[in-house]
Chemist: 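Just passing along the structure, written as structure tokens.
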There are 2 protein chains.
Amino acid sequence: MNFDPLIMKPKLTLKQIARELDVSVSTVSKALRDSPEISDETRQKIQAFAKLYNYKPNNIALSLKNRRTRTIGLVLPEIVHDFFATVITGVEEVANKRGYNVLICLSNNSFDREVMNLEMLANGSTDGFILSIAKETQQKGDYHHLQEVISQGMPVVMVDRVVNEIICDKVIIDDSDGARDAVQHLIDNGCRRIAIITTVDYISVGKLRTEGYLRALRGNDIELDEDLILKIEDVDNSHEAISQFLGARKIDGVFAVNEQFATSAVKALLNKSLSVPEDVLVFSFSDGELSRRFIPSLSTVNQHGADMGAKAAELLIDRIEKTVTDEEYQTAIVKTSLVERESTQKRKKATV
Amino acid sequence: MNFDPLIMKPKLTLKQIARELDVSVSTVSKALRDSPEISDETRQKIQAFAKLYNYKPNNIALSLKNRRTRTIGLVLPEIVHDFFATVITGVEEVANKRGYNVLICLSNNSFDREVMNLEMLANGSTDGFILSIAKETQQKGDYHHLQEVISQGMPVVMVDRVVNEIICDKVIIDDSDGARDAVQHLIDNGCRRIAIITTVDYISVGKLRTEGYLRALRGNDIELDEDLILKIEDVDNSHEAISQFLGARKIDGVFAVNEQFATSAVKALLNKSLSVPEDVLVFSFSDGELSRRFIPSLSTVNQHGADMGAKAAELLIDRIEKTVTDEEYQTAIVKTSLVERESTQKRKKATV
DNA sequence: TTTCAACACGAAAACGTTTTCGGGGCCCTC
DNA sequence: GAGGGCCCCGAAAACGTTTTCGTGTTGAAA
């Protein structure tokens with residue numbers, strides 16, 4: 001239907017321009033790159049033609065020739081999750097600023113998908129990639145696919161969910177410190193019986209946040225009550241478990257390692273006719289829209305996902321563009337910060 | 001540091017295999033593709049070698065040769081937004097199933113960024129792309145960049161935020177019908193003075209949802225009160241406007257065109273000492289985690305973002321793989337559905 | 001012994017670039 | 001008038017594939 005030559009103009013190549021203007025391909029290439037080898041007259045003629053027909057060099061050919069794609073990969077476990085979404089934003093911004101594109105792959109927390117993703121990214125499509133490892137992979141503890149691509153010389157940066165056995169650049173947050181600060185804040189506001197709702201230990205960040213919780217208790221000489229620790233296995237169906245857990249215990253504070261757990265906790269407390277923050281204070285982790293808009297709005301530990309993504313992209317691109325690779329691998333730690341909102345402010349009623 | 005030959009094994013090419021085994025490049029290529037031209041002996045030798053050193057063909061070279069990348073682009077206005085995140089999930093799933101990768105670009109709702117994104121995607125990096133147009137672009141009404149790539153023969157599918165002037169495949173939802181159904185639901189539950197919180201009209205979906213609201217009123221012989229319509233310009237700083245708007249009006253129902261507006265509305269009502277759903281019913285649009293977890297949980301019009309993304313990817317890949325392109329462009333309409341939650345259920349108190 | 005098919009492989013072109021190198025023409029200088 | 005520069009430009013290689021075509025060797029049939 002759209003074969004009208006006035007409308008349909010297929011992509012132009014150097015060869016076609018050359019044929020059209022009766023010069024050689026090399027002349028065209030040089031003219032377009034303002035080489036002094038080409039006379040003004042020829043150069044202008046060629047540039048005018050190229051502009052008129054909107055010539056744009058073919059990226060694939062450039063990639064092949066230069067053996068660099070100016071594309072970085074980003075492998076994430078999931079995406080319907082504010083934290084990872086902000087990571088993407090950060091990566092994208094830095095990548096764009098430095099002239100790179102971003103190829104995003106989702107592992108859906110599946111080991112097999114992650115292996116496939118890495119293979120694809122390592123086969124020339126990208127100059128390096130950023131990875132936040134899948135839950136299933138952490139559980140299996142099988143990292144051969146990562147070792148493989150790293151040993152091929154592909155630059156890799158791990159972000160947030162990292163694994164210590166792999167040596168590469170990493171960007172993490174001070175999960176443990178952030179959790180400790182949050183729990184300390186609860187203690188400072190009078191809490192003594194603080195429950196923690198966390199994940200099973202093979203999730204590195206869950207484990208670290210639990211550690212922070214324990215450190216805060218120890219630091220304030222509060223005896224640990226194992227009964228106040230809930231480790232969730234199945235995140236998606238956690239509400240029931242949380243509800244039962246909180247229903248059976250007398251507490252004055254809750255520390256949840258993510259927003260989902262925190263909101264479930266608030267609901268469960270409401271059902272017990274306890275109100276937040278009047279009766280129980282609630283502190284959450286990973287600041288997202290949910291925490292901001294919830295009623296009461298939730299105090300959270302801000303993970304600064306965009307900063308993490310940005311830092312990871314900087315590290316990766318630095319590594320890619322370094323010709324000599326004798327620089328030591330580094331682990332950047334992005335500081336968390338507490339965002340205090342209604343859920344931990346005892347005095348006033350919930351407003352905005 | 002890592003130049004230990006035992007550890008460092010750079011990527012293998014056909015040429016290197018050929019040199020190593022003292023055959024020609026073409027023989028290697030054929031052997032690996034099980035060509036009958038090659039003798040069993042040679043074939044097995046080559047395949048064994050390739051497997052041992054984990055040979056994987058270079059994607060870029062393949063793309064150049066075949067003039068297809070098996071990659072599709074996805075240009076989105078933003079990503080920290082459940083709807084677009086689910087769209088990505090849908091696109092990714094279908095793309096992967098059909099052997100394609102997904103290159104994601106963010107326009108950040110900026111016209112210039114969108115133009116850059118399209119240029120990049122059209123320069124050989126992808127076989128086609130899916131686009132949800134930037135707010136700024138809709139406002140400007142300048143679509144030459146889109147026309148440009150389409151006229152070059154690049155397959156394009158627009159999703160959700162589409163523009164009628166452009167002829168290409170599209171995937172939309174029945175925004176107007178969804179809104180009408182939601183408002184009808186409010187009316188059915190006794191509301192008569194229903195406020196709508198929507199966007200300015202140049203956002204196509206905002207306009208359509210407003211239309212649905214009007215249709216519902218007309219269909220029930222409820223007189224339109226222009227004073228109950230709030231059109232938000234600056235989404236990010238909308239809370240104050242919503243608060244003032246609701247503070248000054250007597251209403252019994254609210255229809256908000258997105259989750260952000262809806263939650264702001266609930267807060268504003270609470271501040272007026274009105275409770276939801278006892279005093280005022282609230283219906284929202286675009287079902288996300290926020291609506292599900294909010295207290296009270298919000299009734300919403302589900303946009304089925306994953307379905308939309310999946311459908312868009314199907315359309316795009318069909319278009320890419322069709323050799324004859326005489327098929328008419330189609331506009332797929334993904335049905336919305338109402339998700340009824342606490343915010344419109346008068347009887348019982350909020351639980352879950 | 002000659003001829004011819006089948007077999008197994010290699011050479012080369014192609015995809016679209018960039019870049020190195022070489023060479024033809026021109027002008028200037030002795 | 002011969003030699004030497006300079007100015008422009010083209011040929012060719014290279015990136016890593018796939019594929020078409022040609023070619024040499026072998027074996028068997030005539």
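Reckoned from all heavy atoms, side chains included, excluding hydrogens, waters and symmetry mates. Within every chain, numbering begins at 1; the chains are lettered A, B, ... in the order of the sequence lines, protein sequences first and strands thereafter.
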Chemist: For A:Ser29, report the nucleic acid contact type (base, sugar-phosphate, nothing); a contact means any heavy atom under 4.0 Å.
Modeler: base
Chemist: Any side-chain N or O of B:Tyr55 under 4.0 Å from OP1/OP2 of D:dT17?
Modeler: yes
Chemist: Which comes earlier along DNA chain D counting from the 5' end, the contact point of B:Thr27 or that of B:Ala61, where each point is its nearest nucleotide?
Modeler: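 Counting from the 5' end, the first nearest nucleotide belongs to B:Ala61.
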Chemist: Tell me which of B:Asp40 and A:Asn66 sits closer to the 5' end of DNA chain C, going by the nucleotide each one is nearest to.
Modeler: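 That would be B:Asp40.
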Chemist: Do B:Arg113 and A:Asn96 have side chains that approach each other closer than 4.5 Å (heavy atoms only, starting at C-beta)?
Modeler: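 They are in side-chain contact.
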Chemist: Answer yes if the side chains of A:Glu93 and B:Asn108 hold a donor-acceptor pair under 3.5 Å, and no otherwise.
Modeler: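 The criterion, which ignores hydrogens and geometry beyond distance, is not satisfied for B:Asn108 and A:Glu93.
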Chemist: For B:Leu62, answer base if it contacts any base atom (sugar-phosphate contacts may also be present), sugar-phosphate if it contacts only those atoms, and nothing otherwise; contact means non-hydrogen atoms under 4.0 Å.
Modeler: sugar-phosphate
Chemist: What about A:Ser26, does its side chain sit under 3.5 Å from the base of D:dA11 through a donor-acceptor pair?
Modeler: yes
Chemist: Rounded to the nearest 0.5 Å, how far does CG of B:Asn58 lie from OG1 of B:Thr13?
Modeler: 9.0 Å
Chemist: Determine whether a donor-acceptor pair (one donor, one acceptor, N or O, separation below 3.5 Å) exists between the side chain of B:Lys30 and the base of D:dT20.
Modeler: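 Between D:dT20 and B:Lys30, which were checked side chain against base, a qualifying N/O pair under 3.5 Å is present.
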Chemist: Students often get this wrong, so: under 4.0 angstrom with heavy atoms, is B:Ser63 touching a base, only sugar-phosphate, or nothing?
Modeler: nothing
Chemist: Verify whether one side chain among B:Asn117 and B:Ser107 offers a donor that lies under 3.5 Å from an acceptor in the other.
Modeler: no
Chemist: Assess whether one donor atom and one acceptor atom, taken from the side chain of A:Glu37 and the base of D:dC8, lie less than 3.5 Å apart.
Modeler: no
